[in-house]
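Data block below; observations after.
When a residue number appears, it is its place in the shown sequence, counting from 1.
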Amino acid sequence: MARGGCGCLPFALGGLLLLAWFGQGVETPPLRIEQYDPRSPRRPMPQWGDEQYAIEEPGRQADSMGTAFAVDRDGAWLTAEHVTHGCTRVGLEDGRFARPVPRVIESREADAALVPGALSSPESLPLSPRMPQPGTPGYHMGFPAGEPTLVVSELIGEANARRGRSEVAQPVLAWAERGRLPEGDGTLSGISGGPVFAEDGHVVGLNSASTDRRGRILTAAPDAVTRLTAASRDVDDRPVAYPFAGLADAESRFAGWLDRGVIRRIFCDVDEGQGG
């Protein structure tokens, strides 16, 4: 089995980016966590392929950072479930602040979480439930070590991943990393929750974990992600997907989405003694 990092970057929220919580000192309603689980005896968890990955859990949840992206202009965002799970507060980057969000819906079938009722966005990104063909290029976007990075990969195919001590495997897509902009070979921690695009311009999953030794990136299954957004009834947008014309086009679009706030950092704050 390949071993994967959790993709969560632990650091003090006031440290690396000097971000402060919006309205600090003002009483805010507690974060409401809901769970979506479509599994049943008649619909067991699907298993994909023969390749298996084991993803190590970091232990107690701590202050950390991931990536989120808008899927509805009225304020619905997607990120990875392990980014939000166990947090006391979750905040979406808003300038120099982390603006608290009121509610998170975590998937029980995939490493995906929907954040509704958050900041509005001028655009939303198009989702697809379809798996692209093996060999197709992938464009992963997010904030490894807090820095905006575009990772280029090639789809290997379907696989299964177990996180921590869980006995239930989650279906994932496995990608082989081919390059990064800017160049680097450091950890991808912090890219978790960011979108991975297929060549046709659709988002086909969320960055979930990476295996440094084998250069693999695991992403949440696209159909599980779209089931979560459909069940929430918070996502009404149907944006048009435009195929990527190549690496330069992907880099340009990523820069534009960053400038317009369509892809942002998302933060987890854990009260001392409450991480688990």
Side-chain angles (χ1 to χ4, degrees), residues 2-9 48-49 51 53 55 65-71 78-80 83 111-112 123 125-159 161 172-222 225 239 241-260 262-265:
R3 305 187 71 81
C6 78
C8 253
L9 176 64
W48 286 7
E51 191 162 11
Y53 292 86
I55 303 173
M65 186 213 78
T67 302
F69 62 97
V71 288
L78 276 172
T79 189
V83 170
D111 187 17
E123 298 175 41
L125 300 183
L127 301 173
S128 173
R130 297 181 180 179
M131 190 192 92
Q133 291 296 315
T136 192
Y139 301 100
H140 307 251
M141 301 178 184
F143 299 93
E147 298 298 325
T149 302
L150 170 63
V151 181
V152 183
S153 70
E154 180 180 316
L155 180 62
I156 299 170
E158 303 166 337
V172 296
L173 299 185
W175 307 76
E177 183 179 339
R178 298 299 186 220
R180 302 184 192 183
L181 289 174
E183 293 183 2
D185 57 3
T187 177
L188 287 176
S189 293
I191 202 172
S192 286
V196 54
F197 288 87
E199 200 172 22
D200 68 0
H202 283 98
V203 176
V204 289
L206 313 176
N207 297 311
S208 177
S210 62
T211 63
D212 296 334
R213 182 172 60 85
R214 295 177 62 186
R216 300 290 187 259
I217 303 172
L218 306 181
T219 61
V225 173
Y242 297 97
F244 288 95
L247 180 57
D249 184 27
E251 186 179 18
S252 175
R253 289 202 220 177
F254 183 32
W257 287 324
L258 291 174
D259 288 343
R260 295 187 293 276
V262 182
I263 301 175
R264 301 179 185 232
R265 299 172 181 90

So if I apply the side-chain contact (heavy atoms from CB on, under 4.5 Å) rule between P195 and each of V204, L206, I263, L78, which one comes out positive?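 Of all the options given, the one that passes is I263.
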W175 and side-chain contact (heavy atoms from CB on, under 4.5 Å): which partner among I156, V196, V151?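 Answer after filtering I156, V196, V151: V196.
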Around R130, counting heavy atoms of other residues, nucleotides and ligands shown, do more than 12 lie under 6.0 Å from its CZ?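 No, CZ of R130 has 12 or fewer neighbouring heavy atoms, counting only those of other groups under 6.0 Å.
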Atom pair [atom1] ([X]) and [atom2] ([Y]), whose distance is rounded to the nearest 0.5 Å:
X	Y	atom1	atom2	value
T219	D111	OG1	CG	10.0 Å
R253	M141	CZ	CE	8.0 Å
S192	L218	OG	CG	10.0 Å
L150	E251	CG	CD	7.0 Å
M65	I191	CE	CD1	9.5 Å
L181	Y139	CG	OH	10.5 Å

So among W257, Y242, F69, F254, which one has a ring pair (Phe, Tyr, Trp, His ring centres under 6.0 Å) with F197?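 It is W257; the other options fail the test.
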Measuring only between side-chain heavy atoms, which start at C-beta, is P148 closer than 4.5 Å to R265?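 They are in side-chain contact.
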Side-chain heavy-atom pair E199, P132 within 4.5 angstrom cut-off: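 A side-chain contact under 4.5 Å is absent here.
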Counting only N and O atoms by type, is there a donor-acceptor contact under 3.5 Å from the side chain of T79 to the main-chain atoms of T67?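 The answer is yes, because a donor-acceptor pair under 3.5 Å joins these two groups.
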For [X] versus [Y], what's the shortest heavy-atom pair and its separation?
X	Y	result
E154	G135	CG-O, 3.5 Å
P243	D249	O-OD2, 3.9 Å
R180	T149	CB-CG2, 4.4 Å
Q133	L155	O-CD2, 3.6 Å

Does V203 form a side chain to side chain contact (heavy atoms under 4.5 Å, CB included) with V71? I'd like the steps, not just the answer. CA-CA 10 Å; V203 176; V71 288; over 6 Å; no
